[in-house]
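One structure coming up, written as structure tokens, with questions to follow.
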Amino acid sequence: MSESIRQESPLVERNTRARHQASPANAGITVRPRPFLACINLRGDPSDGAFTDAVRGVTGIDLPTTPNTVADGDQWRALWLCPDEWYLVGAPGAENDAVDTLEQALAGQHFAVNDVTSGMTTLEISGPRTRDVLAKGCTLDLHPRMFGPGQCAQTLISHAGVVIRYVDDQPTLELMVRRSFADYLWVWLEDAALEYGMAATE
Amino acid sequence: MLYIKCPWCGWRDESEFGYGGEAHIKRPEDPDALSDAEWADYLFMRTNPRGSHRERWVHTAGCRRWFNAIRDTQTYEFKAFYKMGEEPPGGEQ
């Protein structure tokens, strides 16, 4: 179904070739949009073995039950959102089949599976000034001793609701944001990173 | 700015939370049996203590769970945070 629909990143007018060429060489942060990543909102009771077994069967993941943690599988990644809700994030285009197989595997149970791929977009932010820039609009302590590997958090960045995920110690952090907020977040990042320089890349 | 401990997510800034008024107000089991005055009391009347106050908060920008807190209305100091359905620490007040 999705093959016949042309997908367009909400940042298509921001992340242009001209913008890449204008990027400073020694930028404090580099922003890399990751549009179209499959994103499924999954709800269910993690204390119910039938539910967790079915999800593991489809995604290969044991759903994380520790607040604000991430579980990685080969094809899917699960982010804890609340005690009975997760995002399943996978490769672009994987959402339709996954929703179907999850619904089949969970049939008869108390659950919810919703494809929210087109409602979300992802920005990867890396570079030496990543934490300094985000600190201007985010009240979370993103220092590695507080926010390290395997962690994610829902919070606000300058009023925009985001899910932040730790990627690596470059540092690289990933922001999942509703697509209607993506343009605002990009413009805010450009402003916040003005003193350090912001590069954009594919 | 208050610093609030979500029972699920831990310490977060006040800007992530919403306030939900007094906690532990039980909906009457049979509203039809109540007089208008009793129904109005359930709907509108709240304690307004000077000191410890048990109240509801919601972690709007985070896990979106409601929880309870005990806060001193004079000093704004939080005494306790506990999940919905849990007994308030320190017993009945």
Side-chain angles (χ1 to χ4, degrees), chain A residues 41-47 63-70 78-87 112 114 116 119-120 134-143 145-148 150-166 175-178 180-181 184-185 188, chain B residues 1-27 29 52-93:
Chain A
N41 185 287
L42 172 68
R43 300 201 68 167
D45 179 1
S47 65
L63 289 173
T65 52
T66 305
N68 300 309
T69 58
V70 179
L79 291 85
W80 185 97
L81 298 179
C82 81
D84 57 8
E85 184 174 1
W86 299 263
Y87 275 151
N114 286 295
V116 294
M120 306 291 292
L134 294 181
K136 294 183 181 188
C138 175
T139 59
L140 276 187
D141 185 356
L142 297 175
H143 189 281
R145 75 171 165 251
M146 297 298 288
F147 193 75
Q151 278 188 277
C152 65
Q154 298 167 91
T155 186
L156 300 170
I157 292 183
S158 186
H159 311 289
V162 297
V163 184
I164 306 181
R165 185 175 70 85
Y166 176 98
L175 307 180
M176 290 175 71
V177 63
R178 289 188 177 79
S180 54
F181 278 91
Y184 165 78
L185 190 64
W188 181 86
Chain B
M1 182 74 79
L2 299 173
Y3 210 37
I4 297 172
K5 188 182 183 186
C6 167
W8 302 100
C9 301
W11 291 100
R12 297 289 184 95
D13 208 272
E14 182 188 354
S15 54
E16 293 190 9
F17 294 86
Y19 178 68
E22 187 179 355
H24 304 292
I25 291 174
K26 197 179 168 204
R27 183 184 167 88
E29 291 195 358
S52 265
H53 186 230
R54 299 184 305 187
E55 53 198 21
R56 300 178 303 170
W57 287 81
V58 58
H59 193 187
T60 315
C63 61
R64 287 151 293 135
R65 295 306 91 181
W66 284 90
F67 59 93
N68 295 319
I70 300 177
R71 182 177 60 92
D72 190 306
T73 56
Q74 259 182 298
T75 63
Y76 276 57
E77 183 191 354
F78 282 101
K79 308 284 191 190
F81 302 94
Y82 53 104
K83 291 175 185 171
M84 281 290 161
E86 288 180 356
E87 287 297 313
E92 286 298 314
Q93 291 176 26

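Chain A is the first sequence line, chain B the second, and so forth, proteins listed ahead of strands; every chain is numbered from 1. What you are looking at is a predicted structure, and each value in this text was computed from that prediction instead of being measured.
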Please report the closest heavy-atom contact between B/R64 and A/Q154, naming both atoms and the distance.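 Heavy atoms of B/R64 and A/Q154 come nearest at NH2-OE1, 3.4 Å.
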Within a 6.0 Å radius of atom NE2 on B/H24, are there more than 12 heavy atoms belonging to other residues, nucleotides or ligands?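 Above 12, so yes.
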If I measure from the heavy atoms of chain A, does B/T60 come under 4.5 Å with its side chain, its backbone, both, or neither?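 B/T60 has no heavy atom closer than 4.5 Å to chain A.
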For atom CE of B/M84, decide whether the heavy atoms of other residues, nucleotides or ligands shown that lie under 6.0 angstrom number more than 12.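 Enclosed: over 12 neighbouring heavy atoms sit under 6.0 Å from CE of B/M84.
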Is any side-chain heavy atom of B/W8 less than 4.5 Å from a side-chain heavy atom of A/C82?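 Not in contact.
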With a 4.5 angstrom heavy-atom cut-off, is it the side chain or the backbone of A/L81 that approaches chain B, or both, or neither?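 A/L81 touches chain B through backbone and side-chain heavy atoms alike.
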Can you tell me if A/R43 has over 12 outside heavy atoms packed within less than 6.0 Å of its CZ?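 Atom CZ in A/R43 is crowded, with more than 12 foreign heavy atoms closer than 6.0 Å.
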Which heavy atom of A/T139 sits nearest to which heavy atom of B/E16, and what is that distance?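 What the structure gives for the nearest pair is OG1-OE2, 3.9 Å.
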